[in-house]
There are 2 protein chains.
Amino acid sequence: MPRGRPRQFDEEEALNTALRLFWRHGYEGTSISTLAKAMGMTIPSLYNAFGNKESLFMKAVCLYDLYGDKLYGEAFAKTSAREVALAILMGEVDLVSGAETPEGCLMVQGALATGPDSELVRQEMAKQRRQAEVDVAARFEEFQKAGQLPLGWKASALAAYVMTVATGMAVQAKSGASRQELIEVADMAMKIWPKE
Amino acid sequence: MPRGRPRQFDEEEALNTALRLFWRHGYEGTSISTLAKAMGMTIPSLYNAFGNKESLFMKAVCLYDLYGDKLYGEAFAKTSAREVALAILMGEVDLVSGAETPEGCLMVQGALATGPDSELVRQEMAKQRRQAEVDVAARFEEFQKAGQLPLGWKASALAAYVMTVATGMAVQAKSGASRQELIEVADMAMKIWPKE
DNA sequence: TGATAATTAGATCGATCGCTATAATAATCC
DNA sequence: GGATTATTATAGCGATCGATCTAATTATCA
C-alpha cells in the first residue's frame, strides 16, 4: 500500500464510469459534478486523480480506444479487402449498438460541434477519426498493390467509403436504429463489391 | 410601419446568423450572449423576438429545412431509384461541404449527444433524422412496387443505407474532408447498383 | 510515536449560463 | 400633443460551470 490515506475508489472503474457518461452525453454535455457523483468521488478527488476535465476526457478516450484497437486489429488480420471491410462494418455495428454500452460512437458524438472552450477536444476527435481512415486506407493499399482490389478502385476512396458508412451507422444508432437495421445497412454497403 | 419603436435588426437576417452559429457550434456550444452579439441585437431583444434559446434554435432548424426541402424535392422528382439516390448523395455533398455554409449537417451536429438540459432538442433532431429516412423509404417503396428495384432489395434497407452514407458524409465534412473526397465516397456508395 | 505523504471533505472561487425586471426611447394612433 | 405600443438599453437575477483553497483524515516510514 502507498504512503498516504488510501483511495476510496477504483481508478479504472471510475474511469469506465466517466467513459460511459462522455459516450452518452458528449464532452460538453457531461459536467464535472455529474461525473464526480457517478464516479463515487468528490470533485477535489477527481481533479487530484485525473487532472482536469479535458485530461479526464482524453483518458476516457484512451480507454475507449481499446474497443477500436480490438475491432480494427481483427479486421486488419483478414486476408481480403472485402473481408476487412465486412469485419469493420460488422464490428462497428456491435460497437455502436451494444447492449452494455451507450448507443453511438464516442469519437463521433463526444465532441462533434462545440463551443470555443472545447475547441481543442473537438479537433483531437476529428484528428483521431481521420487517422482511423488513414490506417484503413493503408491496409487497403496493401491489397491494391497485390492487385487484389476491383479494377479502378482507389484504396483511399474505399477506406473513406467504409469509414463513412461506419460513422453514419454510429449516428443512426444514436438516432435509435436497432442492431438489425444496422446489419441491413452493412449488408447493403457490402454490395459495392462486384460479383465474381 | 407598426406601432412602437422600430426594430434595429432584420429578423430573417438575424435568424440566418443564428443558424450559422448553431450549424457550426451546435446547440449547447452556442451561448445566448454569443448569439446576441453576432445577430447585432441585445439579449432582451433576442428573447422578445425569438422566445428563448430552444425556440430560436427550432426556428433556425426550420430555416435550415429549406435547404433539405429543396434537395429532397429535386431528388424525389427523379424517375429511378438510382437517380434518386444519386441526387440525394450529391445534394448532401453540396450541403455539407458548401463554401458559403459551415461544414457538416445541422441535423447531425446540432444536438447529437447532449446534457440533460438539451434532451428535448436532441430528441427532436433524432426524430427529424428518422423522418427524413422514412420519407426516402416511401419514395423507394414506389419504385419497389413498380418492380423497379434490384431483386431482393428492401426499400427500407436501401433508404437506411443512403441516409447512413449521407449522414456519414456530414461527419466526414466536419472532420475536414474536401468536397472531392466526398464525391469519391458518393461514387463508391453508388456501386451497390448491379450492372445491367 | 512523531513526521511525512496522500486523499478526503466542505466551502467557495470568479466566470458564465439562460433569462428577466425595470426603465428609457421611438414610433403610431387619436 | 398626449396616450399607447413596441423595442431598446442597462443591470442583474439564481443557478451552474470548471476549478481550487483549506483543513481534517488515514495511511506508511523512521
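In the text below, chain A, chain B and the rest are named by the order of the sequence lines, each starting its count at 1.
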Earlier contact from the 5' end, DNA chain D, for T34(A) and G51(A):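 Nearest-nucleotide comparison on DNA chain D picks T34(A).
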
Using only side-chain N and O atoms of [X], determine if any of them is under 4.0 Å from OP1 or OP2 of [N].
X      : N       : value
Y47(B) : dC19(C) : yes
N52(B) : dG18(C) : no
S45(B) : dT8(D)  : yes
S33(B) : dC17(C) : yes

N-O pairing of E11(A) and R7(A) below 4.0 Å: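 Here E11(A) pairs with R7(A) in a salt bridge, since their nearest N and O are under 4.0 Å apart.
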
May I ask you to decide whether R130(A) forms a salt bridge with E133(A), counting only side-chain N to carboxylate O separations under 4.0 Å?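 So R130(A) does not pair with E133(A) through a salt bridge.
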
Could you tell me how far apart [X] ([atom1]) and [N] ([atom2]) are, to the nearest whole angstrom?
X      : N       : atom1 : atom2 : result
K53(A) : dT16(D) : NZ    : P     : 15 Å
K37(A) : dC17(D) : NZ    : C1'   : 13 Å
N48(A) : dT25(D) : CG    : P     : 19 Å
I43(B) : dT7(D)  : CD1   : C1'   : 16 Å

Would you kindly compare Q8(A) and S31(B) by the position of their nearest DNA chain C nucleotide and give the one closer to the 5′ end?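 Result: Q8(A).
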
Could you check if a side-chain atom of R129(A) sits within less than 4.5 angstrom of a side-chain atom of V108(A), using non-hydrogen atoms only?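 Yes, their side chains come closer than 4.5 Å.
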
Pairwise side-chain contact, L86(A) with M90(A), heavy-atom cut-off 4.5 Å (strictly under):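 A side-chain contact exists here, since the closest heavy-atom pair is under 4.5 Å.
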
How does protein contact run along nucleotides 22-30 of chain C, one letter per nucleotide 5' to 3', with B for base contact, S for sugar-phosphate only, - for none, heavy atoms under 4.0 Å? ---BBBBS-

Would you mind classifying the nucleic acid contact of D117(B) as base, sugar-phosphate or nothing, using non-hydrogen atoms under 4.0 angstrom?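 D117(B): no heavy atom of the nucleic acid under 4.0 Å.
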
Over all strands shown, is T30(A) touching base, sugar-phosphate only, or nothing at heavy-atom distances under 4.0 angstrom?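 Sugar-phosphate contact only - T30(A) comes under 4.0 Å of backbone atoms but never of a base.
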
I want to check a possible cation-pi pair here: K53(A) against Y27(A), using under 6.0 Å from ring centre and within 45° of the ring axis as the test.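 Pair K53(A)/Y27(A) counts as cation-pi.
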
Any chance the rings of W23(B) and Y67(B) have centres within less than 6.0 Å?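 Centroid distance W23(B)-Y67(B): below 6.0 Å, so yes.
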
